[in-house]
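The block underneath contains the structure these notes are about, expressed in structure tokens.
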Amino acid sequence: MSSRNDQLFDLSRKVIPGGVNSPVRAFRSVGGTPRFFTKGQGSRVWDADGKSYLDYVGSWGPLILGHADADVVRAVQDAASLGLSFGAPTEMELVMAEKLVAMLPSIEMVRLVSSGTEATMSAIRLARGHTGRDTLVKFEGCYHGHADSLLVKAGSGLLTFGQPSSAGVPADCSGHTLVLDYNDIDQVNQLFAEKGDEIACVIVEAVAGNMNLIKPKAGFLEALRENCTKHGAVLIFDEVMTGFRVGLGCVQGLYDITPDLTTLGKVIGGGMPVGAFGGRADIMDKMAPLGPVYQAGTLSGNPVAVAAGLKTLEKISAPGFFEALTARTKRLVDGINAAAHDAGINACADSVGGMFGIYFRATPPTSYAEVMDSDKEAFNRFFHLMLLEGVYLAPSAFEAGFVSAAHTDADIDATVAAAACCFEKLAD
Ligand SMILES: *Cc1c(COP(=O)(O)O)cnc(C)c1O
């Protein structure tokens, strides 16, 4: 008798490509049937067969307060009762913009959009419009949404333009993108020395979270800042994942680097579709209707979505919020490190704020090559063992994990106990 999850997946595959509306949900990397969720409350989710899991995906980061936070749900209901969308300005968008400007010193002006992809795509267009240059620099393994110019893998050499990493992307679109190695300061310096005056912008996940979690090496972000300043290129921190997830000041606050533009998403929508890009006023002034760079959105600044985001930002601004979240995430990571060590498993974990990585290698990776060098098969077995234990991790060895304020110490300790048990089974 097949499970309800299996039935739903079979039916979905007939009408939705791969059965999913975003590829990593399909469990292709780990194998097996994706869980269809019916309900989430606090730190837990329930699947279509009624099994519950401690959730460390949190909708890929947005749910920093956990599932169905009562205050956020109420804010959404209140906003919805006043109208779902106007396509005209609302006071709540002003409040949201003022809040983002107050929270991030690098942001003097900001525009709201409906997804992280829109935010990065628009920020790049703006950087190009501002500089009058075309060349975009990104780092392998960093994900910035699915716009054409970003679905690019490295070319054959440092100074050769990238190749499309997806079918359907014309070479012309990827042909302005240079792909460097994350954390490689020498490459950055060399590239700017040779091509600095052609570079419109550098976009980076300042703490990387889309190739599992990788922290910037000492001096890496500084090198980006210095080179961009010297050559008049725009430095874009893509904080769609890290924004208000690693700390109230985001990565730019933790590492004390001021980008020219910042992209946001995930947490600022609290589970609803909100993205944003903002930064220096002289650059933001180039946006239509003031300036020549066009960008628009029917549902941008949607009142129901903004209500969820505002309530979320308000709650995470409470004194001690990030200290507690950071400590709880550290408790998880310390427990996993100890459990791996005790079981003799070649795995480790690391965290920044409410984000963590579990790596099947001896030490946390510092580069894309190192993360790719981890034991993917061991992760896949661990993933499925944890799922049986009622712990839902991201279904890929190359994704970061997220702890929410709804995770209790008891949840964390239960997760560590489950991990210890799974490591023991892996060791056999
Ligand atoms: C999730 C993510 C995006 C894309 O956001 P969507 O809302 O999925 O379009 C962009 N950049 C980073 C760093 C992300 O983690």
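Reckoned from all heavy atoms, side chains included, excluding hydrogens, waters and symmetry mates. Bear in mind the structure is a predicted one, so any value in this text is a computation, not a measurement. Both ligands and their constituent atoms are indexed starting at 1 by order of listing. For the single chain, residues carry numbers from 1 onward in sequence order.
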Subject >> All pairs passing side-chain hydrogen bond (donor to acceptor under 3.5 Å, both in side chains) where residues 304-314 contributes a residue, at least two apart >> reply: Lys311-Glu314
Distance-only criterion, 3.5 Å: show the donor-acceptor pairs between side-chain atoms of residues 377-386 and protein atoms not counting sequence neighbours.
{"residue": "Asn380", "atom": "ND2", "partner": "Ser29", "partner atom": "O", "Å": "3.0"}
{"residue": "His384", "atom": "NE2", "partner": "Val30", "partner atom": "O", "Å": "3.0"}
{"residue": "His384", "atom": "NE2", "partner": "Gly31", "partner atom": "O", "Å": "2.9"}

**OP:** Assess the pair Phe398 and Tyr359: is the distance between their ring centroids shorter than 6.0 Å?
**Re:** no
Subject >> Amino acids in close contact with ligand 1, where any non-hydrogen atom sits under 4.0 angstrom away >> reply: Ser115, Gly116, Thr117, Tyr143, His144, Gly145, Glu205, Asn210, Asp238, Val240, Met241, Lys266
Subject >> Ionic contact status for Lys315 with Asp69, cut-off 4.0 Å >> reply: yes
Original post:
Who are the ring pair (Phe, Tyr, Trp, His ring centres under 6.0 Å) partners of Tyr392, not counting sequence neighbours?
Top reply: Phe37
**OP:** Please say whether the positively charged group of Lys195, taken as NZ for Lys or CZ for Arg, lies over the ring of Phe192, i.e. under 6.0 angstrom from the six-membered ring centre and within 45 degrees of the axis.
**Re:** no
